[in-house]
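Inspection log for the structure reproduced underneath, given as structure tokens.
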There are 2 protein chains.
Amino acid sequence: MTQKRMTRQRKAILEILKDRKDHPTASEIYIQVRNRIPHVSLGTIYRNLSVLQELGQVQEINVNNNFKRYDGNPEQHYHFFCQDCGSVYDLYGSYQEELDQIFSQKNPHKIFGHNADFFGTCSHCINSN
Amino acid sequence: MTQKRMTRQRKAILEILKDRKDHPTASEIYIQVRNRIPHVSLGTIYRNLSVLQELGQVQEINVNNNFKRYDGNPEQHYHFFCQDCGSVYDLYGSYQEELDQIFSQKNPHKIFGHNADFFGTCSHCINSN
DNA sequence: TTAGTTGCAAACGCTTTGCCGAAAA
DNA sequence: TTTTCGGCAAAGCGTTTGCAACTAA
């Protein structure tokens, strides 16, 4: 990996991502970065998100295959997807290591870890019905 | 939902998907369907995969955001992604309902279910090193 | 007969990339 | 001064869609 520099653009993206509790798309981040740096380009957003991922400061989330979302929390944690409004939330609760052991015993592969995504109706949508 | 017809194309896609143990992409399916129906089009593959999903006969798998993969096994089951060769396998072992309960207690959302993807090195890659 | 389906090709939408001037270190 | 980075715009690429002809039921 080559030497990385902390540019204004990269710093802005990282700060915005750490501030937000939700998991914005690249273009949502773009809109917000433009408030600070009006002539920033979408290409710059994508390039920096990729660098920040390599550096382990940001996680990419696969909601579905339409577009990627980004998470400023690099810790291992699960996500919840609301089927009604499409929002993505972090879940409270710890990583379930037992799962890796259970499935290691039943399968021939060397399992290093897992991701889990929960789905249902979020608290906001429950209350607005 | 409107009435669905079992066309040659739809039948071919379904049969191919049920036969394969791996989880092909739309264009891999396209290549195989062309052996039976030379003038089939990619658009037809996509449209039928979408219909077969609605009918609950096929599952869509999000490997990463580059493209979708399809699974001819509509049962709830977990997947394993090999980080070395990129293959996707079905895992043996049952759905862990407890997970839904554990995280329902710790979070304000109504959880209906979850997906889990495991990763590591597959048995084939272990043996070839 | 008729409504769903197909092939073809164009359109889409998110993401990546080439180029060259700008700016971290 | 060197080398990474950014802005801009074009290209890439998997997926979707409009349309007229076709076909399962």
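Throughout, protein chains are lettered first and strands after them, A, B, ... in sequence-line order, and every chain is numbered starting at 1. Every heavy atom of this structure was used, including side-chain atoms; hydrogens, water molecules and symmetry mates were not.
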query: Within 45° of the six-membered ring axis of A/Tyr30 and under 6.0 Å from that ring's centre, is NZ or CZ of A/Arg34 located there?
result: yes
query: Do the side-chain N or O atoms of B/Asn48 get closer than 4.0 angstrom to the phosphate oxygens (OP1, OP2) of C/dT5?
result: no
query: Between D/dG18, D/dG7, D/dT3, which one does the side chain of B/Arg47 approach most closely?
result: D/dG18
- request: Determine: side-chain N/O of A/Thr44 to OP1/OP2 of D/dG7, distance under 4.0 Å, yes or no.
  value: yes
Candidate list A/His77, A/Glu75, A/His114, test side chain to side chain donor-acceptor pair (under 3.5 Å), partner A/Tyr95, passing option: A/His114
- request: Consider only side-chain N and O atoms of A/Gln32 and A/Arg20, and report whether a donor and an acceptor are under 3.5 Å apart.
  value: yes
field: Interatomic distance, A/Ile37 CD1 vs C/dA24 P [rounded to whole Å]
entry: 10 Å
query: Less than 3.5 Å between a donor and an acceptor, one on the side chain of A/Arg5 and one on the base of D/dT4, is that the case here?
result: yes
query: When you measure from the side chain of A/Gln105 to the backbone N and O of A/Ile102, does any donor-acceptor pair fall under 3.5 Å?
result: no
Atom-pair distance (CG on A/Leu55; P on D/dT4), nearest Å: 14 Å
query: Looking at A/His39, does any N or O in its side chain come under 4.0 Å of the phosphate oxygens OP1/OP2 on D/dG6?
result: no
task: Measure from CD on A/Glu54 to P on C/dT16 and round the result to the nearest Å.
output: 12 Å
query: Given atom CZ of A/Arg34 and atom P of D/dC8, what is their separation to the nearest angstrom?
result: 11 Å
query: Just how far, in rounded Å, is P of C/dC14 from CG of A/Leu49?
result: 15 Å
Between P of D/dA11 and CG of A/Leu42, the distance in whole Å: 18 Å
query: In chain order, what residues pass the side chain to side chain contact (heavy atoms under 4.5 Å, CB included) check against A/Ser87, with sequence neighbours excluded?
result: A/Cys85, A/Tyr89
message: Is it true that A/His23 and A/Asp90 share a donor-acceptor pair across their side chains at a distance under 3.5 Å?
response: yes
- request: Please list residues of residues 6-21 of chain B whose heavy atoms come under 4.0 Å from any atom in DNA chain D, ordered by number; otherwise none.
  value: B/Met6
Rounded distance (Å) that lies between atom P of C/dT16 and atom OH of A/Tyr30: 16 Å
field: Geometric class of the B/His109/A/Phe80 ring pair [parallel <30°, tilted 30-60°, perpendicular >60°]
entry: parallel
task: Rounded off to whole Å, could you give me the CD1-to-P distance for the A/Ile45 and D/dG6 pair?
output: 9 Å
